[in-house]
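These notes concern the structure reproduced below.
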Amino acid sequence: MTDLAPRKGMSETEIARTVDAVLAEATLSEKVGMMSGRGFFEAFKADGRLWGARPYRAGGGVERLNVPPLWFTDGPRGVARGQSTCFPCTMARGATFDADLEHRIGQAMGIEIRAQGCTLSGAVCINLLRHPAWGRAQETYGEDPHLLGAMGAALGTGLQTHNVIATVKHFALNSMENARFKVDVTADERTLHEIYLPHFKHCLDAGVASVMSAYNKLNGEYCGQNRHLLTTILREEWGFAGFVHSDWVFGVYKPYGASAGLDVENPEPMVFGEKLVAQVEGGSIEPQVIDQACRRILATQYRFACAEDPLPDYPVDLVACEAHVALALEAAEKSAVLLENDGVLPLDRARVRKLAVLGRLAALENTGDFGSSRVRPPYVVTALEGLRRHLGEGAILTGDEADLDAAKAAAAQADAVVVVVGYTAKEEGEFIPGDISLGQEDTQASKDTIEAQKQVAGRNEPRGGDRVDLRLPDDQVELILAAAASGKPVVVVIVAGSAGLVEEWRERASAILQTFYAGMEGGTALARLLFGEVAPSGKLPFTVARDPGDYPFFDRDADRIEYGYWHGYAKFEAEGIEPRYAFGHGLSYARFGYRALTARRAGDRIEVSVAVRNDGRVAADEVVQLYVGFPGTISPRARKSLKAFARVGLGPGETKVVRLAVPLDGLRYRDPATRGWKLEPGEHRLIVARSAADPLPLVATVSL
Ligand code: BGC
């Protein structure tokens, strides 16, 4: 057997020579073999349909030449295999505005991936939250392209530290769930390049090495075979040199997907494989298309496989090890967003001798949906368990929606009440339909596919999908009102992947804390936050409306939908709508003062500095948010956009100077006529604000 296996320490020249040798030696069918996953259906069946029971072959691999395949595992809230660390969901991590933490989480995931035999990770999901009903909102970082790009790049490069190839998904405009297999999303040139794509480019520029195409269509063509997206934009305009693989089943429909720029069909050769071989042999697809795809796969694969590892080895006991679990706790503490507080928080342990913990979600191991991103950690500390451990068994009274009288009685006996409300995998999450019918051939393979898709979520388990209601379920609202009727202070804890509307009950709550799906240590973090061992510091990565009609049009069953230019805080601002809670909002137990804002152009960027002082009595983190306001000569254009952020920790009375930089490239708008980027000449405002709707920001100007 010819041995062309990658070896640690191979130089770039050796790698290039080896890749050439593989291409010279491999037959057409071996090359096309590298262009798809293989064995998924059989493995999935054999494993009792347990998603993540083993690594999935996702392209690459020529046994005869000793070329290994790529082994895929999913994310993004941890490694979807074995008993891995379950971090807070991506949206929670978006609320941390902490790219350094996200990078460390990526490194931890990278270690756990390597320890479980995989080399390709689907953890980096950065689709933009256009509407809070999106079922997979929890898998992404929020509504803002800059935040999405910065956090996705941090996670992806963190994963890649341990020579795991990170794939950024789903390329592109996959911001709705139930209709994802069929919906044709239309977007114009400016919307596409300014709103829905910049975060992908941000991740790829940072070095993320692979891309997963989306299921949906973009402007009339499925993303997995969309030449404009996969070749014109990704390769020709952005210069991306890595490989693109499809989403899992029904990610590509025609062999011409290969010519359009798709390198790997996952998880089985339903469209590539023999059909693609036949097309090449019949002359309708050029052999260079195949060589080019294989070269991209091999070059990426060998670059990672030959790089030295930071650790001498990756034993399985690194999975969910103490250090990674501590990271999950840190993330849970930094992600919770304090939406309201009339002064009841932090709870005083000396005064709260009895605490009522109400709501069926309080005792539920509720770490997120049951789709492809599901992680099965060794344990989960629920909200109830966390508070019980903190206060002692005897201090806790319980009750839930099923018996309002009992819940009321518990509240009446307590000194304070915590009500845990929100959603589960039933109300939101990945939607795996049982009767996918997209006009594909009725082959056994496609029947197997449908069966496999049905089973990813597990039969009889919650269905998830796009949320049908942005409110809380009625019985939860009743529970909050019943708790409030006790006259005791009520702290409402919201568990949700994105925005939940609070209008019906907000005024009855003394405090509201959104914890998202907070991961395996969520309950521990909750107790520490509520009792002031750590101050809340998360900021909303999306806008919470007063009225659902304030968000863009959303139709979960749409065949076609236009993603317009406006969404999120830019839309609220442009239309003069006051949100309930603005993007970037989040209270603390400390107060922060800002002063001495400076801004100046330095070459191809603007440098900003601002002094932040903790005027409170407790140590706390603050997230400094820098928005840029544009001159206003171009329409449509957001009044301002987030362009930089930094998290800073400050002791009581402490001041730090925070420095931020904004590259001018990030301030340009897309000119549809030339398909190029232009700076709007004139005065740009550098706005340091506590949220996108801060009435009293600090503002400096720079003329460009
Ligand atoms: C999801 C992807 C995921 C893939 C493999 C698909 O259903 O859309 O996000 O990576 O499954 O798990």
Side-chain angles (χ1 to χ4, degrees), residues 36-41 43-44 47 49-59 70-81 84 89-90 109 113 116 118 120-127 134-141 152 155-156 159 164-183 200 208 210-216 222-224 244-252 264-268 270 368-376 425 428-434 436 438 449-458 463-466 497:
S36 69
R38 214 180 309 154
F40 171 73
F41 295 137
F44 196 53
D47 296 336
R49 303 188 180 281
L50 179 68
W51 175 245
R54 63 174 94 186
Y56 298 123
R57 183 176 176 138
L70 292 158
W71 295 109
F72 179 80
T73 184
D74 230 312
R77 62 181 189 257
V79 182
R81 233 175 100 46
S84 300
C89 70
T90 316
M109 285 188 198
I113 289 169
Q116 298 181 86
C118 297
L120 175 64
S121 163
V124 188
C125 176
I126 56 162
N127 293 108
W134 178 30
R136 295 180 76 180
Q138 61 189 269
E139 289 188 56
T140 194
Y141 297 100
L155 183 72
L159 282 156
V164 169
I165 299 170
T167 196
V168 62
K169 71 189 187 187
H170 310 81
F171 194 60
L173 294 92
N174 182 175
S175 295
M176 44 198 294
E177 181 57 10
N178 291 37
R180 64 180 167 160
F181 292 105
K182 61 167 185 176
V183 68
F200 284 96
V208 173
S210 169
V211 171
M212 181 191 290
S213 58
Y215 284 128
N216 50 280
Y222 286 107
C223 291
V244 181
H245 65 94
S246 76
D247 200 345
W248 219 248
V249 186
F250 300 147
V252 56
V264 178
E265 178 192 15
N266 274 326
E268 297 272 4
M270 292 169 66
D369 82 335
F370 289 174
S372 58
S373 70
R374 185 174 185 174
V375 173
R376 295 179 167 78
E428 59 177 1
E430 189 168 353
F431 183 67
I432 318 255
I436 308 162
L438 292 164
T449 304
I450 290 167
E451 193 54 27
Q453 283 284 17
K454 271 201 265 183
Q455 299 295 342
V456 172
R463 298 304 298 272
D466 297 313

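Hydrogens, waters and symmetry mates are skipped; everything else that's a heavy atom, side chains included, is used. Ligands are counted one by one from 1 in listed order, and the atoms in each one are counted from 1 as well.
Under the 4.0 angstrom criterion for non-hydrogen atoms, S372 is in contact with ligand 1. Contact annotation: E139 has no heavy atom less than 4.0 Å from any atom of ligand 1. Residue contacts with ligand 1 do not include Y56, since none of its heavy atoms lies under 4.0 Å from the ligand.
Within ligand 1, the atoms closer than 4.0 Å to a non-hydrogen atom of E430 are 1 (C), 6 (C), 7 (O), 8 (O), numbered from 1 in the order shown. The ligand atoms of ligand 1 that sit less than 4.0 angstrom from a heavy atom of R180 are 1 (C), 7 (O), 8 (O). Near W51, meaning under 4.0 Å from one of its heavy atoms, ligand 1 places the atoms 5 (C), 12 (O). Here is the list of ligand 1 atoms found below 4.0 Å of a heavy atom in D74: 3 (C), 4 (C), 5 (C), 10 (O), 12 (O). Ligand-side atoms of ligand 1 in range of K169: 2 (C), 3 (C), 9 (O), 10 (O), range being under 4.0 angstrom from any heavy atom. Those atoms of ligand 1 with a heavy atom of M212 less than 4.0 angstrom away are 10 (O).
With rounding to the nearest 0.5 angstrom, the NE2 atom of H170 is 11.0 Å from the OG atom of S246. Separation of atoms CG (L159) and CD1 (I165) is listed at 11.5 Å; rounding is to 0.5 Å.
Here W134 and F431 keep their ring centres 6.0 angstrom or further from each other.
The only option from W71, W51, F44 that meets the ring-ring contact (aromatic ring centres under 6.0 Å, His included) definition with Y56 turns out to be W51.
Across all non-hydrogen atoms, the minimal contact from M212 to K169 is CB-CB, 3.6 Å.
Taking the side-chain contact (heavy atoms from CB on, under 4.5 Å) definition, one finds that S36 meets it with E265, P269, sequence neighbours left out. Contacts of F72 classified as ring pair (Phe, Tyr, Trp, His ring centres under 6.0 Å), with partners at least two apart in sequence or in another chain: W248.
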Task: Step-by-step side-chain contact (heavy atoms from CB on, under 4.5 Å) determination, R81 to C118 - done: CA-CA 10 Å; R81 233 175 100 46; C118 297; 3.8 Å; yes

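When non-hydrogen atoms are compared, ligand 1 lies under 4.0 Å from the side chain of R136 (C-beta onward) but not from its backbone.
Of the polar atoms of W248, none of the N or O atoms is found under 3.5 Å from an N or O of ligand 1, judged by distance alone.
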